[in-house]
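Working notes, structure below.
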Amino acid sequence: MLKQNGYAQYQNSKILTASPAELTLMLYDGAIKFGNIAIIAIENNDPAKAHENIVKVEKIVQNFRDTLDKKYPVWQDFDNVYVYLLRRCHEANVSKDAAIMEEILTHLRSMRDNWKEVMKKAGTDSSNAAAQARVAGGQRNSVGYKPTMGAMKRA
């Protein structure tokens, strides 16, 4: 019990001290983790667990969509990708199709890896506030961070 409480405190501290760019990376990692859990649940014929984790993926993707910065023209391209991923999540959930979830994860992994490259090019670390601002852009989503596509375009 104490170990779990300590781990929870560590995780909470990790989130509270992360830069905006790191929070976005954590969201991508979370979506991928939940997608993997959903695939395992589908393969183990556990539809309730699959549903629960697909919904978690949907919520993260919807968060990305809701927080797009529309002042950059590329926002529409990202919106189209997020709409597609949400539709595929719905299809995977209805049919409990692991192959569709694998496709979704392929896209999410690619987007996560691209985000890591953006972070590297912008030199984002917790000591470089100016670089974080260039990558992060705003502060409006549920975890206190609004990713911008303009930062990705500039990087």
Side-chain angles (χ1 to χ4, degrees), residues 4 7-122 124 132 135-155:
Q4 285 181 334
Y7 181 74
Q9 288 177 343
Y10 166 76
Q11 286 298 97
N12 192 40
S13 175
K14 186 176 169 184
I15 291 167
L16 292 173
T17 60
S19 71
E22 291 167 335
L23 289 171
T24 298
L25 185 60
M26 287 180 196
L27 286 170
Y28 277 118
D29 286 340
I32 292 165
K33 174 184 138 185
F34 297 132
N36 283 323
I37 293 170
I39 289 169
I40 292 168
I42 291 168
E43 291 170 350
N44 290 334
N45 199 26
D46 187 348
K49 188 171 187 177
H51 170 78
E52 174 186 334
N53 284 282
I54 293 170
V55 168
K56 289 177 181 180
V57 174
E58 289 175 326
K59 286 181 178 183
I60 292 171
V61 172
Q62 186 62 53
N63 184 65
F64 285 142
R65 184 171 184 233
D66 291 343
T67 59
L68 284 171
D69 191 336
K70 295 180 181 174
K71 70 181 176 183
Y72 298 101
V74 74
W75 82 269
Q76 186 65 54
D77 296 330
F78 280 89
D79 188 60
N80 291 340
V81 171
Y82 295 143
V83 167
Y84 174 77
L85 291 175
L86 288 167
R87 188 180 83 239
R88 294 299 281 166
C89 281
H90 178 75
E91 292 168 359
N93 205 355
V94 168
S95 63
K96 299 299 183 267
D97 189 327
I100 296 173
M101 283 308 300
E102 284 290 350
E103 175 203 342
I104 293 164
L105 289 180
T106 298
H107 295 299
L108 289 171
R109 286 184 193 109
S110 175
M111 294 172 82
R112 180 210 44 208
D113 293 345
N114 286 333
W115 184 252
K116 282 182 183 179
E117 288 302 311
V118 167
M119 290 173 65
K120 281 183 197 174
K121 287 182 181 180
T124 56
Q132 289 177 23
V135 174
Q139 304 291 323
R140 282 191 289 191
N141 82 6
S142 61
V143 293
Y145 167 58
K146 179 179 180 264
T148 65
M149 299 305 106
M152 292 179 75
K153 187 177 178 184
R154 289 189 301 269

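- Scanning both residues, Ser95 and Ile100, for their nearest heavy atoms gives OG-CD1, 4.1 Å.
- The main-chain N or O of Asn93 is found under 3.5 Å from a side-chain atom of Lys96 such that the two form a donor-acceptor pair.
- Scanning for side-chain hydrogen bond (donor to acceptor under 3.5 Å, both in side chains) contacts around Asp77 gives an empty result, with sequence neighbours left out.
- With sequence neighbours excluded, the residues forming a side-chain hydrogen bond (donor to acceptor under 3.5 Å, both in side chains) with Asp29 are Arg112, listed by chain and number.
- Interatomic distance, Glu117 CD to Met119 CE, rounded to the nearest 0.5 Å: 11.0 Å.
- Atom CG of Leu105 and atom CZ of Phe34 lie 12.5 Å apart (nearest 0.5 Å).
- Between the CE atom of Met26 and the CD atom of Glu22 there is a distance of 6.0 Å, given to the nearest 0.5 Å.
- Inter-residue side-chain proximity for Leu85 and Phe64 is flagged as unmet; no heavy-atom pair is nearer than 4.5 Å.
- When all heavy atoms of Met111 and Tyr82 are compared, the pair lying nearest together is CE-CE2, 3.3 Å.
- Here the shortest heavy-atom pairing between Trp75 and Asp69 reads CB-O, 3.5 Å.
- Residues Val57 and Ala31 share a closest heavy-atom pair of CG2-O, 3.4 Å.
- Scored by the side-chain hydrogen bond (donor to acceptor under 3.5 Å, both in side chains) test, Arg88 finds Glu91, Glu103 as partners (sequence neighbours excluded).
- Between Glu58 atom CD and His51 atom NE2 the span is 8.0 Å, to the nearest 0.5 Å.
- Of the inter-residue distances, the one linking Leu108 atom CG with Leu27 atom CG reads 11.0 Å to the nearest 0.5 angstrom.
- Partners of Asn80 by side-chain hydrogen bond (donor to acceptor under 3.5 Å, both in side chains), not counting sequence neighbours, listed by chain and number: Gln76.
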Side-chain donor/acceptor pairs under 3.5 Å, residues 37-50, sequence neighbours excluded:
{"residue": "Asn44", "atom": "ND2", "partner": "Ile40", "partner atom": "O", "Å": "3.3"}
{"residue": "Asp46", "atom": "OD1", "partner": "Lys49", "partner atom": "N", "Å": "3.3"}

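- Contact record, Met101 with Ala92: SD-CB, 3.7 Å, taken as the closest heavy-atom pair.
- Ring-plane geometry between Trp115 and Tyr28 is classed as tilted, the angle between the planes lying from 30 to 60 degrees on a 0 to 90 degree scale.
- Considering only residues two or more places apart in sequence or on other chains, Asp79 meets the salt bridge (charged side-chain N to carboxylate O under 4.0 Å, His left out) condition with Arg65.
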